[in-house]
Amino acid sequence: MITVLCVMPELLNVNGDAENASVLAQRARWAGFDARVVTETTVRPDLVVVGSGVDATLGQVASGLRLMSNDLWGWLADGSALLAAGTGFELLSAGVQVSAAEWIEGLALFPGHAVSANNRVSDDLVVDTPFGRLIGYENHARGYSLPPDASALGSVMVGRGNDGRSEGASSGAAFGTHLTGPVLAKNPGFADFLLARVLPGYHPDADRTRRVDHIAKAARNQIAARLSLRTE
Amino acid sequence: MVGRLVRVAARLRKRGGGSAVPGLVVNSIAPGFLSATLNGFRDGLVIVTGSSGKSTTTKMLVAVLEAHGMRVFTNPSTANIAQGITSALIERVSLVGTIDADIAVLEMDEGHGALIAQRLEPTTVVLTNVMTDQIDRFENSEKVLAMLGTIASRASARVVTNGDDAMLEEFAATLTSVTIDRFGVSKRVLAANPRGLGYARQSGSRIVAGTVVAAVDGASAVIDVLGSSLTVTLPSRGAHYAVDAAAALSASVGIVGARFDAATAAAAISAMRPVFGRGEVVEVRGRRVEFVLVQNPASFQLNVDQLPAGLDQVLVAMGSDVRDPSYLWPVDLSGLTRVTTVSGSKAYEIALQLEYQDVVIDRIQPDLGIAIDDFLALPDPSVGVKTVIFSADCMRRIRTHLGLAQ
Ligand SMILES: [Zn+2]
C-alpha cells in the first residue's frame with residue numbers, strides 16, 4: 001500500500017494541481033500496487049503533493065504549512081518524495097516577496113525564494129529536465145530567485161519559469177515547479193520517476209498505463225507542434 | 001438630447017442593418033447614447049450579473065415582467081456588452097426616435113459590466129453568484145467579487161442577492177442605502193446536492209427571509225415566494241435552474257410591487273422553452289440529441305451530475321476556448337462511466353482526465369466534424385438520448401457543421 005498525501009486541496013487546487021496526487025495513486029494501481037490519497041496523516045506518506053492557490057489565501061496556507069513543518073522535514077529525511085506547484089512551491093521556499101512591503105516566511109524546504117514581478121504569465125511552459133522534457137502551463141504573477149549553487153528542476157525552453165532561464169527547484173527528493181495543473185498526467189515520465197523513487201519494484205508497463213501515456217504523448221506533441229518544437 | 005441621438009441611431013440602422021457594427025458606430029460618434037438611453041426608461045434599469053446563471057435568470061425575469069404587462073427591453077448575450085446593447089437598442093428604436101419599452105433588463109458579464117457601470121444608473125442589480133472557476137480571465141474570486149461590487153454599488157433602489165453565497169453575503173452586509181432581497185435554497189435542497197451549488201464559498205446557514213427553493217425534483221421545483229409555494233416547471237433539470245428561477249422571482253417581486261401575481265409569475269417561467277445547449281433535446285438527422293454546454297468547472301460538475309445514469313452514447317468535445325484544461329480536473333467525471341467519443345482541439349487533454357477518472361473511452365477523434373457525423377450515424381442508444389457535452393467554441397462549430405441556427 002502506498003499513501004499519497006494531498007495537502008490542503010480545498011485551498012490548493014485552483015489549477016487542478018492537487019490532482020497530481022490522484023495521478024500518482026492511479027499509476028501505482030495500474031502497476032499492481034494498492035494506493036490511496038489522503039488529506040491528513042499521522043504516519044509518513046510515501047509521496048506528498050502540494051498544489052497552488054490564490055494569493056488571497058497565501059497567509060492561511062503558510063500558517064497551515066508551518067504546522068506541518070516538522071513532519072514534512074522528517075518525512076523527506078526518511079525517504080518520502082514531494083512535488084509542489086505554484087504557490088505551494090513558493091511557500092515551501094525561504095519565503096514569498098508579495099510586494100515591497102510584504103514578505104511571507106516559507107518553510108525553506110527549497111533553496112531560494114519567490115520574488116514579486118510586475119506581470120502575470122498565463123501561457124505554455126516547457127522545461128528541459130533530467131527526466132525528460134516537461135510540457136505544461138504556467139499561471140503566476142511572481143518570479144523565483146534561485147541561489148547559484150542550488151539545483152533547478154530544469155531549464156526553460158519556452159515560457160518564464162523562475163526567470164526565463166531556470167525553472168523550479170529541487171532538493172533531494174523534493175521538487176518544486178511553476179508547472180500548474182496535473183502536470184504528472186501529461187508528463188508521465190516525471191510521475192514514474194517519483195513513483196520509482198519511493199516504490200521498489202515499480203514498473204509502469206501495464207496495458208492501461210501504455211494506453212493513457214499514448215494519449216499524454218499526443219497532448220504533448222500537439223503543444224510542441226504549436227510551439228515549433230520537435231515532436232516525440 | 002437622447003431623442004436626437006436615438007434618431008441618429010435609427011438612421012444608422014436603416015443604412016447598416018443588424019449586427020454589432022451600428023453599435024460600434026454609434027458608440028464612437030455619440031458616446032453618451034448608450035448610458036443616456038439605458039438610464040432613461042420609465043420603470044428603470046435592471047442589471048443581472050454574476051459568475052454563472054445570468055443568462056437564464058435574465059430570460060426568466062423578462063418573462064415574468066412581460067407576463068405582468070410590462071414592455072421590456074433586453075439584450076442578447078454577446079462578447080462585447082456595450083456594442084451588443086447599443087445594437088440591440090438600435091433594433092428597437094422607431095423612426096420617430098422612441099423605444100417601445102418601459103424597463104430595461106440587461107445581462108452583464110462582470111468584466112465588461114464593471115467597465116461601463118460608472119455611466120449607468122440601475123434601479124435594481126441582481127447578483128447570481130461568485131464561482132472560483134474563471135481564473136483564466138479574472139484570476140480569482142476576490143477580483144470577481146470586486147467587479148460585481150462595482151456594478152452592485154450603482155443600484156439606487158434594490159440589490160437582489162444569493163443568500164447561499166458567502167462572498168455575496170459579506171458584500172451585501174456593506175450596502176447601507178438600498179433594500180437587500182435574498183434568494184436561496186432550503187436545507188433539504190442543499191442536502192440533495194452534496195457537492196454544493198458550485199459557489200466559491202457556501203454560506204454556513206440558509207436564508208431566513210426571502211425567496212426560497214423548497215424542493216427540486218428533476219425539472220420541477222417548489223419555490224416559496226411571499227408566503228405562497230409555487231410549483232414551477234424549469235427549462236431543464238437541476239437545482240441551479242431552480243436557483244435562477246428564485247432569483248428572477250425575487251427580483252420581479254421588488255420591481256412589479258403590489259401588482260405581483262404569484263400564479264402569473266409561475267406560469268411565465270413554466271412556459272419557457274429549454275435553450276440550445278442547456279437541456280433542449282434537438283432532432284438532428286433523425287436522431288434525438290441533448291446538447292450540454294460547459295462554461296466552467298462548476299457548471300461542468302452540475303451538468304454531469306444531472307445527467308441520467310448509465311448513458312451509453314456520450315460525446316465530449318473541448319475546444320481552444322478552454323486555454324488550459326487543467327483547471328477542469330477537479331470536476332469528477334467518473335459518473336459518466338463510458339464516453340463514446342472525445343473530440344475538439346483539446347481532445348487529448350480531456351481524454352487524459354477521463355482516463356484517470358476511470359471513464360472508458362471508445363474513441364478519440366479530434367476532428368469535430370468527423371466526430372459528430374460518426375456519432376450521429378450510430379444507432380439509437382439503449383439508455384436515454386445521444387448526449388453531446390461541449391465547450392462554447394465546440395458548440396459554435398457543431399451548430400455550423402450541422403446547419404443549426406446560431
Ligand atoms: Zn459532416
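Everything numeric in this text was worked out from a predicted model, so none of it was measured. Residue numbers start from 1 in every chain, and the chains themselves are labelled A, B, ... in the order their sequence lines are given, proteins ahead of strands.
- For residues 203-212 of chain A, the interface with chain B (any heavy-atom pair closer than 4.5 Å) comprises A/Arg208, A/Arg211, A/Val212, sorted by residue number.
- For A/Glu10, the CD atom counts as densely surrounded, since its 6.0 Å shell holds more than 12 non-hydrogen atoms of other residues, nucleotides or ligands.
- The candidate from A/Pro182, A/Ala185, A/Ala25 with the greatest count of non-hydrogen atom pairs under 4.5 Å with chain B is A/Pro182.
- Both the backbone and the side chain of B/Leu352 come within less than 4.5 Å of a heavy atom of chain A.
- With a threshold of 4.5 angstrom between heavy atoms, A/Ile223 approaches chain B through side-chain atoms but not through N, CA, C or O.
- In terms of heavy atoms, A/Val14 sits closest to B/Tyr327 at O-CB, 4.0 Å.
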Side chain to side chain contact (heavy atoms under 4.5 Å, CB included) between A/Gln26 and B/Gln357: does it pass, once the steps are laid out? CA-CA 9 Å; A/Gln26 280 288 52; B/Gln357 295 183 350; over 6 Å; no
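- Applying the side chain to side chain donor-acceptor pair (under 3.5 Å) test to residues at least two apart or on different chains, the pairs with a partner in residues 213-227 of chain A are A/Arg27-A/Asp213, A/Asp124-A/Arg226, A/Arg220-A/Glu232.
- Atom CG of residue B/Asp324 and atom CG of residue A/Asn139 lie 7.5 Å apart, to the nearest 0.5 angstrom.
- Of all heavy-atom pairs between A/Glu19 and B/Pro330, the closest is OE2-CA, 3.6 Å.
- Of all heavy-atom pairs between A/Trp30 and B/Asp358, the closest is NE1-OD1, 4.5 Å.
- Contact count against chain B (heavy-atom pairs under 4.5 Å) is highest for A/Gly16 among A/Gly181, A/Gly16, A/Ala18.
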